[in-house]
There are 2 protein chains.
Amino acid sequence: MSLRHAVLGLLAQGPASGYDLRKTFDASLSNVWPATQSQLYGELGKLADAGQVTVAAEGPRGRKEYAITDAGMAELRHWLTEVEPERVRRSDMLLRVFFLGVLDPEDAQGYLRRQVQAVTAQHERFRALADVVDEGDDSLSVYGRIALEWGLRFTETQREWARWAQERIAREATAAKG
Amino acid sequence: MSLRHAVLGLLAQGPASGYDLRKTFDASLSNVWPATQSQLYGELGKLADAGQVTVAAEGPRGRKEYAITDAGMAELRHWLTEVEPERVRRSDMLLRVFFLGVLDPEDAQGYLRRQVQAVTAQHERFRALADVVDEGDDSLSVYGRIALEWGLRFTETQREWARWAQERIAREATAAKG
DNA sequence: GTACCCATGTAATCAGTTACATGATTCC
DNA sequence: GGAATCATGTAACTGATTACATGGGTAC
């Protein structure tokens with residue numbers, strides 16, 4: 001049910017069309033909540049039916065500009081302050097870790113080595129993004145920067161963990177041989 | 001498509017029934033890949049149709065014990081070594097952060113304070129789990145412990161981040177007033 | 001006039017959740 | 001005999017992904 005709130009949150013910053021929202025999603029929200037074009041248009045329709053957004057203006061090429069209503073703002077605030085975030089997060093990266101025992105130790109270490117590389121690359125992408133976001137002073141930039149800081153710290157932690165895990169498996173393998 | 005591989009991974013440790021798998025999921029895999037009973041039985045049926053598992057034995061009460069086949073092991077190894085894990089992870093906790101600007105600073109800080117509490121509680125649960133897992137010496141315990149270490153480090157990082165974010169918002173609010 | 005971007009929508013499919021439905025066996 | 005546990009399955013619904021389909025406006 002979070003896509004609905006993501007849309008409300010973006011419309012709380014100002015009116016926008018489905019097309020505008022898609023670009024904002026791709027640019028800033030895609031790291032925490034990806035959404036496809038068809039999902040967005042569908043959700044806007046449902047929100048309009050529920051009275052949480054309205055078509056504020058129509059433009060060329062059938063463009064519909066949506067605005068959040070009072071009911072929509074109330075729902076957004078409710079979600080922000082009263083609804084507890086999901087604590088379980090699916091991770092197929094960690095799921096694989098449970099089963100590394102079916103590989104020989106070299107391949108298990110290879111898996112973790114690739115994770116170090118991948119997460120390092122992602123850290124660099126976040127770093128580059130931070131430079132851009134630091135320019136902005138709108139609400140989405142200010143709080144987007146805080147979310148991005150999470151990404152920077154998270155990728156750093158994950159890199160250290162993957163290195164630690166690699167070593168632990170190496171020691172495990174040596175102990176088994178000797 | 002990861003549930004399929006989670007099931008293969010568990011059956012790689014030894015034969016089991018759908019009922020057994022459900023218990024193992026609840027006990028160890030639920031933190032990285034939750035699955036419901038109905039999903040499990042459905043997936044076992046599909047895997048059997050695909051020839052990646054077989055019914056190795058039947059027991060009382062209609063119990064079917066499944067075993068992984070060579071084709072299933074090949075698929076599992078392929079998934080572990082060749083398929084890149086998803087890098088995007090949905091987080092409604094972080095999604096909310098983007099929109100904290102619609103709240104007044106006190107409520108925004110309240111949100112982050114609650115996250116500190118929630119993640120601290122989860123850290124403690126992981127710590128308790130670690131004591132239990134450290135006892136086991138089977139493959140799932142050894143690698144499960146490595147996954148758990150990720151959880152311990154991740155929750156620690158998240159707690160520090162949430163504290164930092166709280167302070168940053170406090171400073172932001174003071175600067176806006178002054 | 002043609003290529004590119006703006007702009008919206010539908011259909012099919014898949015994964016995951018919740019609820020329902022049923023019955024056998026074991027323990028006391 | 002009754003409760004708890006073992007054990008499997010189906011149905012309805014929701015959310016997300018992929019692909020398809022269409023057409024208007026703008027810049028050159």
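Below, read A as the first sequence line, B as the second, and so on, with proteins coming before strands; counting in each chain starts at 1. Everything quoted here is computed from the prediction, not taken from an experiment.
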Anything under 3.5 Å between a protein N or O and an N or O of nucleotides 21-25 of chain D, put it in a table, one pair a line.
residue, atom, partner, partner atom, Å
D/dG24, N2, A/R61, NH1, 3.4

Charged N to carboxylate O under 4.0 angstrom, B/R163 versus B/E167?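 Looking at B/R163 and B/E167, the cut-off is not met.
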
Has B/K64 got a side-chain N or O lying under 4.0 Å from the OP1 or OP2 atom of D/dG9?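 Checking B/K64 against D/dG9: at least one side-chain N or O falls below 4.0 Å of OP1 or OP2.
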
Please report the distance, rounded to the nearest Å, between [atom1] in [X] and [atom2] in [N].
X	N	atom1	atom2	value
A/L29	D/dA16	CG	P	13 Å
B/H5	C/dA15	NE2	C1'	14 Å
A/R90	C/dC14	CZ	C1'	13 Å
A/R63	D/dT26	CZ	P	12 Å
A/K46	D/dC13	NZ	P	14 Å
B/Q39	D/dT14	CD	C1'	13 Å
B/E43	C/dC14	CD	P	12 Å
A/D20	C/dT8	CG	C1'	13 Å

Under the side-chain hydrogen bond (donor to acceptor under 3.5 Å, both in side chains) rule, what do B/Q158 and B/H123 come out as? Steps first, then yes or no, please. CA-CA 10 Å; B/Q158 184 153 312; B/H123 187 89; over 6 Å; no

5' priority, DNA chain D, between A/L3 and B/Y41 [closest heavy atom]: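 So the residue in question is B/Y41.
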
Please state whether the rings of B/W79 and A/F99 are parallel, tilted or perpendicular, taking 30° and 60° as the class boundaries.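 Geometry flag for A/F99 against B/W79: tilted rings.
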
Atom CD of A/Q122 and atom CZ of A/R159: how far apart are they, to the nearest 0.5 Å?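 The CD atom of A/Q122 sits 12.5 Å away from the CZ atom of A/R159.
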
Would you list the atom pairs, donor with acceptor, under 3.5 Å between side chains in residues 80-88 of chain A and any protein atom, with sequence neighbours excluded?
residue, atom, partner, partner atom, Å
A/T81, OG1, A/R77, O, 2.8

Kindly say whether A/D92 contributes a backbone atom to a donor-acceptor pair with the side chain of B/S2 at under 3.5 angstrom?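 It does not hold such a pair.
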
Choose from C/dC5, D/dA19, D/dT5 the nucleotide whose nearest atom is closest to any side-chain atom of A/S38.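 Looking only at side-chain atoms, A/S38 lies closest to D/dA19.
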
Does NZ or CZ of A/R22 come closer than 6.0 Å to the centre of the six-membered ring of A/Y19, within 45° of the ring's axis?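 Cation-pi check for A/R22 and A/Y19: passes.
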
